[in-house]
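All remarks here apply to the structure that follows.
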Amino acid sequence: MTDDIRRNMALFPIGIVMKLTDLTARQIRYYEQHELIVPARTAGNQRLFSFNDVERLLEIKALIEKGVNIAGIKQVMLPVSRESEDATVLNEQTEVKRKELSESQLHRMLKQDLLQGNRRGKVSLIQGELSRFFQR
DNA sequence: ATTCTGACA
DNA sequence: TGTCAGAA
């Protein structure tokens with residue numbers, strides 16, 4: 001279950017998630033208000049999202065584009081598990097390092113997640129979506 | 001420079 | 001949902 005820990009680690013701030021999902025901060029926060037996602041928080045109250053959070057956001061995005069509203073999405077998507085809720089929050093020290101997560105590092109993680117994901121049923125970060133980050 | 005919450009011409 | 005203000 002080591003991989004689950006990796007997927008639930010709170011890693012990226014909302015800015016990166018915006019680029020990853022093509023959703024606005026407004027939308028991301030709105031979905032959180034409706035408990036579709038429960039990102040972790042830093043000591044400074046900043047949201048930190050995990051791979052699982054990003055995946056859920058992509059699923060939500062797909063449904064929205066299909067014309068499903070929040071109420072409908074709530075019925076279709078299973079509520080976030082407790083394990084995901086208390087997502088491994090980074091301690092102060094790890095958090096400091098996380099501050100300088102470079103683009104290349106991010107891409108490495110995404111690529112790794114894409115591979116490990118397809119290597120099992122879960123299909124990690126919806127194929128077409130994030131593929132645009134490595135198209136070259 | 002980034003992100004957070006609350007509010008609404 | 002966009003966008004702006006005022007505060008971390």
Side-chain angles (χ1 to χ4, degrees):
Chain A
M1 191 130 278
T2 313
D3 194 51
D4 269 47
I5 295 178
R6 182 184 67 76
R7 285 167 174 278
N8 284 319
M9 287 199 289
L11 296 172
F12 359 82
I14 199 166
I16 290 179
V17 177
M18 288 173 70
K19 295 180 180 178
L20 259 36
T21 63
D22 264 331
L23 290 172
T24 64
R26 179 78 168 78
Q27 293 176 300
I28 297 172
R29 293 169 184 143
Y30 180 72
Y31 302 148
E32 178 188 35
Q33 288 190 298
H34 288 269
E35 303 177 279
L36 266 36
I37 54 171
V38 185
R41 296 284 182 141
T42 66
N45 197 43
Q46 309 243 124
R47 272 169 269 251
L48 279 188
F49 304 76
S50 65
F51 277 108
N52 281 334
D53 291 327
V54 176
E55 280 184 34
R56 287 184 69 86
L57 284 171
L58 288 175
E59 291 175 27
I60 294 170
K61 182 190 175 190
L63 291 174
I64 290 295
E65 297 179 321
K66 283 181 175 293
V68 184
N69 56 46
I70 300 299
I73 295 178
K74 285 184 179 179
Q75 297 179 60
V76 181
M77 290 184 85
L78 332 169
V80 292
S81 61
R82 287 188 57 194
E83 304 81 82
S84 300
E85 278 188 68
D86 38 16
T88 309
V89 181
L90 287 59
N91 57 53
E92 298 305 292
Q93 296 176 47
T94 306
E95 196 175 305
V96 175
K97 292 186 176 182
R98 189 273 310 168
K99 277 184 178 175
E100 305 311 329
L101 182 64
S102 69
E103 285 288 300
S104 60
Q105 288 179 293
L106 173 57
H107 282 215
R108 282 187 58 277
M109 301 187 80
L110 291 177
K111 185 177 297 179
Q112 182 195 327
D113 195 74
L114 236 25
L115 297 178
Q116 297 193 354
N118 294 325
R119 183 180 304 167
R120 34 183 270 193
K122 291 301 182 179
V123 177
S124 68
L125 306 179
I126 300 182
Q127 301 166 19
E129 295 292 355
L130 293 180
S131 61
R132 62 192 161 80
F133 281 96
F134 327 88
Q135 307 221 130
R136 261 128 273 165

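Proteins come first, then strands; the chains are lettered A, B, ... in the order of their sequence lines, and each starts at number 1.
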Take atom CG of L23(A) and atom C1' of dG2(C), then tell me their distance rounded to the nearest Å.
14 Å
Specify the residue among I64(A) and Q46(A) whose closest nucleotide of DNA chain C lies further upstream toward the 5′ end.
I64(A)
Given R56(A) and E35(A), is the salt bridge (Lys or Arg N to Asp or Glu O under 4.0 Å) satisfied, shown in steps?
CA-CA 11 Å; R56(A) 287 184 69 86; E35(A) 303 177 279; over 6 Å; no
Begin with the C-alpha distance, continue with both residues' side-chain angles, and end with the deciding distance and a verdict on salt bridge (Lys or Arg N to Asp or Glu O under 4.0 Å) for D3(A) and R6(A).
CA-CA 5 Å; D3(A) 194 51; R6(A) 182 184 67 76; 2.9 Å; yes
Looking at dC4(C), which nucleotide sits across from it as a Watson-Crick or G-U wobble partner, both distances under 3.5 angstrom, or is there none?
dG6(B)
Separation of dA1(B) atom P from I14(A) atom CD1, nearest Å, is 19 Å
Distance in angstrom units between E32(A) CD and dC4(B) P, rounded:
8 Å
Measuring to OP1 and OP2 of dG2(C), would you say a side-chain N or O of R29(A) lies under 4.0 angstrom away?
no
Which residue lies more 5' along DNA chain B, comparing I16(A) with R26(A) via nearest heavy atoms
I16(A)
Mind calculating the distance between CZ (F49(A)) and C1' (dT3(B)) to the nearest angstrom?
10 Å
Using whole Å, what does the distance between atom C1' of nucleotide dA7(C) and atom CG of N45(A) come to?
12 Å
Any side-chain N or O of Y30(A) below 4.0 angstrom from OP1/OP2 of dT3(C)?
no
On a plain distance test, is the side chain of R47(A) in donor-acceptor contact with the base of dT3(B) below 3.5 Å?
no
Shortest non-hydrogen contact from I64(A) toward V68(A)
CD1-O, 3.4 Å
For the residue pair I37(A) and D53(A), what are the closest heavy atoms and their distance?
CG2-O, 4.2 Å
